[in-house]
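Take a look at the structure set out below.
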Amino acid sequence: MRALLIAAALFAAAPAVAQAPAPTSLTLTDAAKAPARATIIDGARWSCEGATCTASGGTEQPATRACRRVVQKFGAVSAFSYKGVELSAEELAVCNA
């Protein structure tokens with residue numbers, strides 16, 4: 001019985017230990033280019049409010065590639081983070097080119 005109680009306690013605590021997914025977000029340089037509806041790019045569902053967009057999901061790929069794919073659809077970005085990887089100013093310049 002005691003083993004069952006310990007197992008139940010561990011099972012109940014497991015979700016509290018689970019890590020939250022790494023953030024994926026961007027800031028558009030022109031908020032007018034933000035899509036009005038959610039947009040799927042490489043499996044990531046992007047939603048925008050003003051110039052700030054966030055995403056959930058997405059394929060495993062380098063953040064620089066994900067940035068280029070988003071810029072093709074939304075336009076230039078001034079900040080980009082993909083699954084917790086924040087692009088540097090140099091990487092953003094390449095992404096926006």
Side-chain angles (χ1 to χ4, degrees):
M1 180 69 165
R2 186 174 189 171
L4 182 59
L5 289 175
I6 292 172
L10 290 174
F11 180 75
V17 176
Q19 293 181 358
T24 297
S25 63
L26 62 84
T27 303
L28 295 169
T29 57
D30 182 1
K33 291 188 177 183
R37 301 173 65 170
T39 304
I40 307 288
I41 301 173
D42 292 338
R45 183 181 186 277
W46 289 93
S47 299
C48 301
E49 264 190 52
T52 303
C53 303
T54 57
S56 59
T59 60
E60 289 300 321
Q61 61 183 320
T64 51
R65 181 180 190 282
C67 181
R68 287 191 308 271
R69 299 277 291 149
V70 170
V71 165
Q72 288 174 348
K73 298 268 188 183
F74 296 172
V77 297
S78 60
F80 191 88
S81 174
Y82 189 73
K83 297 187 177 194
V85 177
E86 183 93 22
L87 296 187
S88 68
E90 294 82 22
E91 291 169 321
L92 285 172
V94 170
C95 176
N96 287 319

**OP:** Give the C-alpha distance, both sets of side-chain angles, the deciding distance and a yes or no for side-chain contact (heavy atoms from CB on, under 4.5 Å) between Val70 and Tyr82.
**Re:** CA-CA 11 Å; Val70 170; Tyr82 189 73; over 6 Å; no
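Partners of Glu60 by salt bridge (Lys or Arg N to Asp or Glu O under 4.0 Å), not counting sequence neighbours, listed by chain and number: Lys83. With sequence neighbours excluded, the residues that form a side chain to side chain contact (heavy atoms under 4.5 Å, CB included) with Thr64 are Pro62, Arg68, Leu87, Glu91.
In this structure, CG on Leu28 lies 9.0 Å from NZ on Lys33, to the nearest 0.5 angstrom. Taking CD from Gln61 and CG from Asp42, the interatomic distance works out to 4.5 Å, rounded to the nearest 0.5 Å. Cys95 SG to Gln72 CD: the interatomic distance, rounded to the nearest 0.5 Å, is 9.0 Å. Separation of atoms CZ (Arg65) and OG1 (Thr59) is listed at 6.5 Å; rounding is to 0.5 Å.
In terms of heavy-atom proximity, Cys48 sits nearest to Pro35 at SG-CD, 3.7 Å. Nearest heavy-atom pair across Ala31 and Gly50 is CB-C, 3.9 Å. Nearest heavy-atom pair, Leu92 versus Ser78, reported as atom, atom and distance to 0.1 Å: CD1-O, 3.3 Å.
Thr29 places a side-chain N or O within donor-acceptor distance of the main-chain N or O of Ala76, the cut-off being under 3.5 Å.
No more than 12 heavy atoms of other residues, nucleotides or ligands sit less than 6.0 Å from atom CD of Glu49.
Under the 4.5 Å side-chain heavy-atom criterion for Ile, Leu, Val, Met, Phe, Trp and Tyr, Val85 and Leu26 are members of distinct hydrophobic clusters.
Annotation: side chain of Phe80 is not in contact with side chain of Val71 (no heavy-atom distance under 4.5 Å).
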